[in-house]
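Note: hydrogens, waters and symmetry copies are ignored here, and every other heavy atom, side chains too, is used.
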Amino acid sequence: MHDVNVMIIDDDDITLTLLEHIVDELVSGEILVFSSSIKAHAFLLTEDAQRINLVICDWQMPSVSGIKILETLRVKLEDCPFLMVTAMPTRDLVMGAKRLGVSDFIAKPFSSDELTQKLSTLLEKISPA
């Protein structure tokens, strides 16, 4: 178990629940779950955002995109790992997100094993278990 705080942002309730369940198996810290990209973005603009150690975020959401969330995060937490979740990993998305410092991608639909592996790799860089 990793003692880190994770922020999960996805407008799809089923994906959000799956992400939260898998993260809960890997970390002992706080898990902040947002189904609203507007609320997630607003949270990142507060001082409380400093406690976040890892962000998992959908790319395509109404109101505030995953790219905008990533841009905002990089201003506040330059080195915080960011896992982008997307159903459409286009070349433009990948290149744009890499320029902004995305840590990794996972394409929907994904298996729990695939997600666990990507998260474990990112978590090891933050806090060895």
Side-chain angles (χ1 to χ4, degrees):
M1 285 288 239
H2 298 269
D3 186 23
V4 297
N5 299 323
V6 180
M7 181 178 189
I8 305 171
I9 311 153
D10 200 307
D11 61 316
D12 178 72
D13 288 338
I14 293 170
T15 303
L16 195 61
T17 301
L18 175 63
L19 290 168
E20 183 179 15
H21 175 74
I22 292 170
V23 168
D24 190 49
E25 297 292 317
L26 299 172
V27 304
S28 60
E30 185 179 8
I31 302 172
L32 292 90
V33 178
F34 292 89
S35 60
S36 164
S37 59
I38 294 171
K39 289 180 181 176
H41 188 255
F43 175 82
L44 287 175
L45 296 173
T46 70
E47 287 303 312
D48 283 343
Q50 296 296 325
R51 70 179 196 254
I52 300 300
N53 304 110
L54 170 69
V55 175
I56 304 166
C57 184
D58 189 21
W59 169 51
Q60 203 167 20
M61 296 179 288
S63 303
V64 182
S65 72
I67 290 291
K68 181 63 179 170
I69 299 278
L70 177 58
E71 287 175 341
T72 301
L73 180 75
R74 285 296 167 248
V75 171
K76 292 285 247 181
L77 300 167
E78 189 176 309
D79 297 324
C80 181
F82 189 102
L83 178 64
M84 182 76 74
V85 180
T86 181
M88 299 181 296
T90 65
R91 185 178 191 287
D92 287 345
L93 165 67
V94 171
M95 297 308 291
K98 284 189 177 198
R99 277 191 299 276
L100 292 170
V102 74
S103 304
D104 205 349
F105 292 90
I106 191 163
K108 293 178 186 178
F110 53 82
S111 70
S112 60
D113 287 344
E114 182 182 10
L115 179 62
T116 298
Q117 181 180 21
K118 286 188 179 277
L119 289 175
S120 294
T121 299
L122 292 173
L123 289 166
E124 282 297 322
K125 292 177 183 175
I126 302 168
S127 152

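One finds the CZ atom of R74 at 11.0 Å from the CG atom of L44 (value rounded to the nearest 0.5 Å). For the atom pair CD1 (I22) and NZ (K118), the distance works out to 13.0 Å, reported to the nearest 0.5 Å. M61 CE to S36 OG: the interatomic distance, rounded to the nearest 0.5 Å, is 9.0 Å. Atom-to-atom distance recorded for I38:CD1 and I9:CD1 is 12.5 Å, nearest 0.5 angstrom. To the nearest 0.5 Å, the span separating CZ on R51 from CG on L77 amounts to 11.5 Å. A distance of 6.0 Å separates CD1 in I106 from CG in L83, rounded to the nearest 0.5 Å.
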Going through the checks in order, is the side chain to side chain contact (heavy atoms under 4.5 Å, CB included) test met by L70 and C57? CA-CA 8 Å; L70 177 58; C57 184; over 6 Å; no
E20 and V6: CA distance, side-chain angles, deciding distance, side chain to side chain contact (heavy atoms under 4.5 Å, CB included) verdict: CA-CA 9 Å; E20 183 179 15; V6 180; over 6 Å; no
Checking side chain to side chain contact (heavy atoms under 4.5 Å, CB included) for the pair I52/F43: CA distance, chi angles, key distance, verdict? CA-CA 11 Å; I52 300 300; F43 175 82; 3.9 Å; yes
Side chain to side chain contact (heavy atoms under 4.5 Å, CB included) between T15 and K108: does it pass, once the steps are laid out? CA-CA 9 Å; T15 303; K108 293 178 186 178; 4.0 Å; yes
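If you chain together hydrophobic residues whose side chains sit under 4.5 Å apart, V64 and L100 fall into the same group.
For N5 (side chain) and G29 (main-chain N/O), no donor-acceptor pair under 3.5 Å exists by modelled atom type. Judged by distance alone, with hydrogens and angles left aside, the side-chain atoms of T121 form a donor-acceptor pair with the main-chain N or O of Q117 at under 3.5 Å. S37 contributes a side-chain N or O that, together with a main-chain N or O of P62, makes up a donor-acceptor pair within less than 3.5 Å.
Between I56 and L119, the closest side-chain pair of non-hydrogen atoms falls below 4.5 Å.
Within 6.0 Å of NZ in K76 there are more than 12 heavy atoms belonging to other residues, nucleotides or ligands. Annotation: E25, atom CD; neighbour count of heavy atoms from other residues, nucleotides and ligands within 6.0 Å is above 12.
In this structure, F110 and V85 approach most closely via the heavy-atom pair CE2-CG1, 4.0 Å.
Each of D10, I69, L16, L19 was scored for a side-chain contact (heavy atoms from CB on, under 4.5 Å) with D58, with one residue passing: D10.
Between D104 and K125 there is no salt bridge, since no side-chain nitrogen of the basic residue lies less than 4.0 Å from a carboxylate oxygen of the acidic one.
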